[in-house]
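Reading through the structure tokens given below for one structure.
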Amino acid sequence: MSVPALNRPALSVVPDRSVERTVDADVYRSVFRRHAAGVVVITADAGHGPVGFTATSLVSISLLPPLVSFAIATSASSWPAVSTASSVVINFLSADQHAIAGRFATSGIDRFAEPTRWSRLATGEPVLDDAPSFLRAQIAHRFAVGDHYLVVARLATHTERREHESLLYHDGRYAKAHHV
């Protein structure tokens, strides 16, 4: 009994043209510039006034219990408050809110001054009034990792004010997703 031949395309061998390089600061930045990430503003208050910073490092970790993590530089102006705060608010931004993201990424300014609209939750944390959605979370762990701290937080509540298209950061600028 004969088996019919399969019509398969011929295999081609493409030479490996990649160049393996040591990951230094320039390579690190270059690689992660090409990795799109969601943009949030994380706010907190450890008793000395509100602080906040723009983050692209938010990661969902666990469903049970509901845990997220984010990274913050030890040199960040918000780190002293985040290092002692018991809770944070993760403010999600819509695709048209790049000005807010830029303000909370700027050093040396009062990020909560006009035109920032903010208030306090009943539990005391600062929240951005224009954030379309936010999570309130209790800080569970802080791990020193290189020149940053990895903060793990247990989600407590979620508020959805309106549906929104997420703000992204890609290739050194703010962007919005285009579905394929």
Please check if the side chain of [X] supplies one atom and the backbone of [Y] the other of a donor-acceptor pair under 3.5 Å.
| X | Y | answer |
| --- | --- | --- |
| Trp118 | Phe112 | yes |
| Thr43 | Gly52 | no |
| Arg142 | Ser83 | yes |
| Asn91 | Leu128 | yes |
| His170 | Ala37 | no |
| Thr56 | Val39 | no |
| Gln97 | Asp130 | yes |

Using side-chain contact (heavy atoms from CB on, under 4.5 Å), reason through Leu121 and Phe134 one step at a time and then give a plain yes or no. CA-CA 11 Å; Leu121 299 176; Phe134 64 88; 3.7 Å; yes

Taking all heavy atoms of [X] and all of [Y], pick out the closest pair and write down the distance.
| X | Y | result |
| --- | --- | --- |
| Pro50 | Arg120 | CD-NH2, 3.7 Å |
| Val68 | Ser60 | CG1-CA, 4.3 Å |
| Ala95 | Leu167 | O-CD1, 3.5 Å |
| Ala101 | Leu93 | CB-CD1, 3.7 Å |
| His148 | Ala73 | CD2-N, 3.3 Å |
| Glu165 | Ala177 | OE2-O, 3.1 Å |

Are more than 12 heavy atoms, taken from residues, nucleotides or ligands other than Glu163, located less than 6.0 Å from that residue's CD atom? no

Report, as yes or no, whether the 6.0 Å neighbourhood of atom NE2 on His141 holds more than 12 heavy atoms from other residues, nucleotides or ligands.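 12 or below, so no.
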
Min side-chain heavy-atom separation Arg111-Ser77 under 4.5 Å: yes

Within the structure provided, determine whether Phe92 and Leu135 are in side-chain contact (heavy-atom separation under 4.5 Å).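 Yes. Closest side-chain heavy atoms under 4.5 Å.
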
Could you tell me whether the side chains of Ser94 and Asp96 share a donor-acceptor contact shorter than 3.5 Å? yes

Distance from [X] atom [atom1] to [Y] atom [atom2], nearest 0.5 Å?
| X | Y | atom1 | atom2 | answer |
| --- | --- | --- | --- | --- |
| Leu168 | His35 | CG | NE2 | 10.5 Å |
| His164 | Lys176 | NE2 | NZ | 13.5 Å |
| Arg161 | Asp129 | CZ | CG | 6.0 Å |
| Thr54 | His98 | OG1 | NE2 | 13.0 Å |
| Leu150 | Ile61 | CG | CD1 | 6.5 Å |
| Glu114 | Thr116 | CD | OG1 | 8.0 Å |

Could you walk me through whether Ser78 and Ile72 pass side-chain contact (heavy atoms from CB on, under 4.5 Å), step by step? CA-CA 8 Å; Ser78 296; Ile72 181 172; 4.1 Å; yes

Ring centres of Tyr169 and Tyr174 under 6.0 Å apart? yes

